[in-house]
Amino acid sequence: MQLEHDHSPKAIAERLGEGPNVNYLRDWVYGGIDGAVTTFAIVAGVIGAELSASIVLILGLANLLADGFSMAAANYSGTKTEVDDYQRLHAMEERHIAVDPMGEREEIRQIFHAKGYEGDDLEMMVDLITSRRQTWIDTMLSEEFGLATTLRSPLRAALTTFAAFVIFGSVPLMPFVFASGAGLAELSLAMTAVVFFAIGSMKSRWSTQSWYASGLETLSIGLAAAGIAWVIGYSLQGFAA
């Protein structure tokens with residue numbers, strides 16, 4: 001059986017020496033799906049209301065930039081909150097270890113006792129973990145608060161979301177920019193459906209779903225959102241007259 005990476009001592013040392021990778025995949029997928037969904041929902045709503053192609057472009061571009069920036073800003077704030085919370089709890093654990101080290105040792109003891117360690121093995125585990133302050137703190141943050149010790153950059157998370165939103169969200173508008181005549185709505189639908197399926201298929205590389213199941217799932221979500229927008233636009237087309 002072929003494994004995902006080499007387990008020779010040299011390969012392990014090189015891989016661990018690089019440190020854990022910070023993953024921004026969720027920001028890319030989130031931004032890409034939302035960009036394609038919301039932009040095509042606007043296209044579908046405007047088409048349902050039987051408005052002109054210029055209205056599609058105006059509203060689509062406004063959504064592309066404004067909603068993309070809004071999502072990026074929200075992601076920045078949310079990720080920064082995670083970083084701030086980590087730093088707050090890290091400082092708290094440092095303070096607790098300095099003021100009440102025996103109490104903190106007892107917390108480590110109970111954490112690993114719950115994992116099945118007992119007797120000398122448990123005491124050896126407590127001694128090993130508490131012999132290095134950073135390991136002690138990292139263990140408390142992970143086991144007591146469920147925090148990851150690898151922090152993501154708020155700025156990079158925001159930029160990743162914005163880039164994916166603009167790149168994938170621009171696809172539903174392309175037919176109205178580069179083509180003319182009849183069939184623009186159908187072409188926009190087809191191109192956007194391909195984007196939905198492609199995003200879902202790429203997402204399957206980091207999940208247990210098959211590529212086609214993940215692609216169909218994302219496609220279904222996107223088309224459902226577009227369908228809702230089209231129905232609303234069609235139902236309210238009289239108000240746009």
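The analysis underlying the following values was restricted to heavy atoms, covering all of them including side chains, and did not include hydrogens, waters or symmetry mates. Note that the structure is predicted; figures quoted are calculated from it, not measured. Count residues from 1 along the sequence.
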Quiz item: Can you name the side chain to side chain contact (heavy atoms under 4.5 Å, CB included) partners of Thr39, sequence neighbours left out?
Solution: Asn63, Leu64, Pro172, Leu173
Quiz item: CG/Leu57 to CD1/Ile42 distance, rounded to the nearest 0.5 angstrom?
Solution: 11.5 Å
Quiz item: Should Lys115 and Glu143 count as an ion pair when the cut-off is N to O under 4.0 Å?
Solution: yes
Quiz item: How long is the gap from CE on Met102 to CZ on Arg105, to the nearest 0.5 Å?
Solution: 5.5 Å
Exercise. Find out if a path of hydrophobic residues (ILVMFWY) with successive side-chain heavy-atom gaps under 4.5 Å connects Phe178 to Ile58.
Key: no
Self-check item: side chain to side chain contact (heavy atoms under 4.5 Å, CB included) between Phe40 and Leu189, worked out
Solution: CA-CA 8 Å; Phe40 186 73; Leu189 173 60; 3.5 Å; yes
Quiz item: Do the side chains of Leu61 and Leu65 get nearer than 4.5 Å, heavy atoms only?
Solution: no
Quiz item: Between NE2 of His90 and CG of Asp85, what distance do you get to the nearest 0.5 Å?
Solution: 13.0 Å
Quiz prompt | Residues forming a ring pair (Phe, Tyr, Trp, His ring centres under 6.0 Å) with Phe196, sequence neighbours excluded | solution = none
Practice problem: Please name the pair of heavy atoms, one in Val195 and one in Ala36, separated by the smallest distance, quoted to 0.1 Å. | Solution: CG1-CB, 4.1 Å
Exercise. Rounded to the nearest 0.5 Å, what's the gap from CD on Glu123 to CG on Leu128? Could you check?
Key: 11.5 Å
Self-check item: Summary of salt bridge (charged side-chain N to carboxylate O under 4.0 Å, His left out) pairs that have at least one residue in residues 65-81, sequence neighbours excluded
Solution: Lys80-Asp84
Quiz item: Out of curiosity, does Tyr24 fall in the hydrophobic cluster containing Leu159 (side-chain heavy atoms, cut-off under 4.5 Å, transitive links)?
Solution: no
Quiz item: Which salt bridge (charged side-chain N to carboxylate O under 4.0 Å, His left out) pairs, counting each pair once, include a residue from residues 168-190, with sequence neighbours left out?
Solution: none
Quiz prompt | Sub-4.5 Å side-chain heavy-atom contact between Glu93 and Arg88 | solution = no
Quiz item: Any link between Val177 and Met174 through a network of hydrophobic side chains (Ile, Leu, Val, Met, Phe, Trp, Tyr) touching at under 4.5 Å?
Solution: yes
Exercise. Kindly give the heavy-atom pair with the smallest separation between Pro175 and Met191, and that separation in Å.
Key: CG-SD, 3.6 Å
Exercise. Check Ala157 against Asn75 and note the closest heavy-atom contact, atom names and distance.
Key: O-ND2, 3.2 Å
Exercise. Answer yes if Ile199 and Val37 sit in the same cluster of Ile, Leu, Val, Met, Phe, Trp and Tyr residues linked by side chain heavy atoms under 4.5 Å apart, and no otherwise.
Key: yes
Practice problem: Would you please name every residue forming a side chain to side chain contact (heavy atoms under 4.5 Å, CB included) with Leu25, sequence neighbours left out? | Solution: Asn23, Val29, Trp206
Exercise. Not counting sequence neighbours, which residues clear side chain to side chain contact (heavy atoms under 4.5 Å, CB included) with Ala164? List them please.
Key: Trp28, Phe168
Quiz item: Side chain of Ser142, backbone of Thr139: donor and acceptor closer than 3.5 Å?
Solution: no
Quiz item: Who else is in the cluster with Leu151 when I, L, V, M, F, W and Y are joined by side-chain contacts under 4.5 Å?
Solution: Val83, Tyr86, Leu89, Met92, Ile97, Ile108, Ile111, Phe112, Tyr117, Leu122, Met125, Val126, Ile129, Trp136, Ile137, Met140, Leu141, Phe145, Leu147
Quiz item: How about Tyr212 and Ser201: do any of their side-chain heavy atoms sit closer than 4.5 Å?
Solution: no
Self-check item: Distance (rounded to the nearest 0.5 Å) between Phe165 CZ and Ser70 OG
Solution: 8.5 Å
Quiz item: In terms of heavy-atom contacts, does CZ of Phe69 have more than 12 from other residues, nucleotides or ligands at under 6.0 Å?
Solution: no
Practice problem: Scan for salt bridge (charged side-chain N to carboxylate O under 4.0 Å, His left out) pairs involving residues 23-42, sequence neighbours excluded, and state none if there are none. | Solution: Arg26-Glu82, Asp27-Arg152
Self-check item: Under 4.5 Å side-chain linkage, directly or through intermediates, the cluster mates of Val99
Solution: none
Quiz prompt | Cluster check Trp211, Ile33: I/L/V/M/F/W/Y, side chain < 4.5 angstrom | solution = yes
Practice problem: Please report the shortest heavy-atom distance between Ile167 and Ser170, naming the atom on each side. | Solution: O-OG, 2.8 Å
Donor-acceptor contacts under 3.5 Å from residues 213-227 side chains, at least two apart:
unit_1 : atom_1 : unit_2 : atom_2 : d
Ser214 : OG     : Gly200 : O      : 2.4
Ser214 : OG     : Lys203 : NZ     : 3.3
Thr218 : OG1    : Ser214 : O      : 3.2
Ser220 : OG     : Leu216 : O      : 2.8

Quiz prompt | Partners meeting salt bridge (charged side-chain N to carboxylate O under 4.0 Å, His left out) with Arg156 (sequence neighbours left out) | solution = none
Exercise. Verify, without hydrogens or angle tests, whether Ser77 (side chain) and Ala73 (backbone) share a donor-acceptor contact under 3.5 angstrom.
Key: yes
Quiz item: For Ser54, what residues pass the side-chain hydrogen bond (donor to acceptor under 3.5 Å, both in side chains) criterion, not counting sequence neighbours?
Solution: Ser52
